[in-house]
Amino acid sequence: EDKVVQSPLSLVVHEGDTVTLNCSYEVTNFRSLLWYKQEKKAPTFLFMLTSSGIEKKSGRLSSILDKKELFSILNITATQTGDSAVYLCAVEGGTSYGKLTFGQGTILTVHP
Amino acid sequence: DAGVIQSPRHEVTEMGQEVTLRCKPISGHDYLFWYRQTMMRGLELLIYFNNNVPIDDSGMPEDRFSAKMPNASFSTLKIQPSEPRDSAVYFCASRRRLAGTYNEQFFGPGTRLTVL
């Protein structure tokens, strides 16, 4: 059974701090890993990673994948209160194309 | 593009009643997914369709749950009879597969279901 584990489960920081969120996975026929941000509504897409070692970057957020060690990290630099959210990691693999397996999420709280 | 549309946004019902949740995927998307999210279990895939055909329903909790996709622009998730443990936020998501590329799922706003 496919498995995605995120750590830490929750994190409290102050504005300006840098945070690193972790996602490890076990999946057969890995195809992609996705990061989503969820505030008090639907998850919104951040990144999709398919190749090892290639960093994806969007503003203060960046992510990288290690297919050998089966993990990904999401970095947020100079955090702001608007970064407070649940960050979800999901992996696509197995025999059913399109099916995502989600981790339990990391709850990030950024205090002013 | 209007995005994925779900209705109703909130539903409060009594145990034993039938509940029908509705979803309109993004036009042109050929995959549709139904998820359930709770604090205890996180985001769980219930069922998904490709070109209106159910592909994997292994996440459907039991026979009380059923889902249909009669055409490319509409899907329903039905719970009959509903139970308090079905209380959750139900998300619909859609995705388009392009040859040789991977792409993300787009989520609807969700339906918050409360079964009393």
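Chain naming here is simple, since letters A, B, ... match the order of the sequence lines and numbering starts at 1 in each.
Placement of F91(B) and I79(B) in two distinct hydrophobic clusters is found when ILVMFWY residues are connected by side-chain heavy-atom separations under 4.5 Å, directly or transitively. Cluster membership check: L46(A) does not share its hydrophobic cluster with I73(A), using side-chain heavy-atom separations under 4.5 Å among Ile, Leu, Val, Met, Phe, Trp and Tyr. Taking hydrophobic clusters as Ile, Leu, Val, Met, Phe, Trp and Tyr residues chained together by side-chain heavy-atom distances below 4.5 Å, F71(A) does not share a cluster with V27(A). Under the 4.5 Å side-chain heavy-atom criterion for Ile, Leu, Val, Met, Phe, Trp and Tyr, L77(B) and F106(B) are members of distinct hydrophobic clusters. Under a hydrophobic clustering in which Ile, Leu, Val, Met, Phe, Trp and Tyr are joined whenever their side-chain heavy atoms come within less than 4.5 Å, directly or via other members, F45(A) and F107(B) fall into the same cluster.
At a 4.5 Å heavy-atom cutoff, the contact between L100(A) and chain B is made by backbone and side-chain atoms alike. For F47(A), no part sits under 4.5 Å from any heavy atom of chain B, backbone or side chain. Only the backbone of K41(A) comes within less than 4.5 Å of a heavy atom of chain B; no side-chain atom from C-beta onward does.
Among the residues in residues 108-116 of chain B, those with a non-hydrogen atom closer than 4.5 angstrom to a non-hydrogen atom of chain A are G108(B), P109(B). The interface of residues 51-64 of chain A with chain B, defined by heavy-atom distances below 4.5 Å, is empty. Among residues 31-54 of chain B, the residues having any heavy atom closer than 4.5 Å to a heavy atom of chain A are, in sequence order, Y31(B), F33(B), Y35(B), Q37(B), L43(B), L45(B), Y48(B).
Summarising the local packing, CG of D63(B) is surrounded by 12 or fewer heavy atoms from other residues, nucleotides or ligands at distances under 6.0 Å. Within 6.0 Å of CD in E14(B) there are 12 or fewer heavy atoms belonging to other residues, nucleotides or ligands.
Heavy-atom minimum distance, Q105(B) versus Y36(A): O-OH, 2.8 Å.
Interatomic distance, R95(B) CZ to K99(A) NZ, rounded to the nearest 0.5 Å: 13.5 Å.
Residue pairs meeting the disulfide bond (SG atoms under 2.5 Å apart) criterion with at least one member in residues 2-112 of chain A, sequence neighbours excluded, are C23(A)-C89(A).
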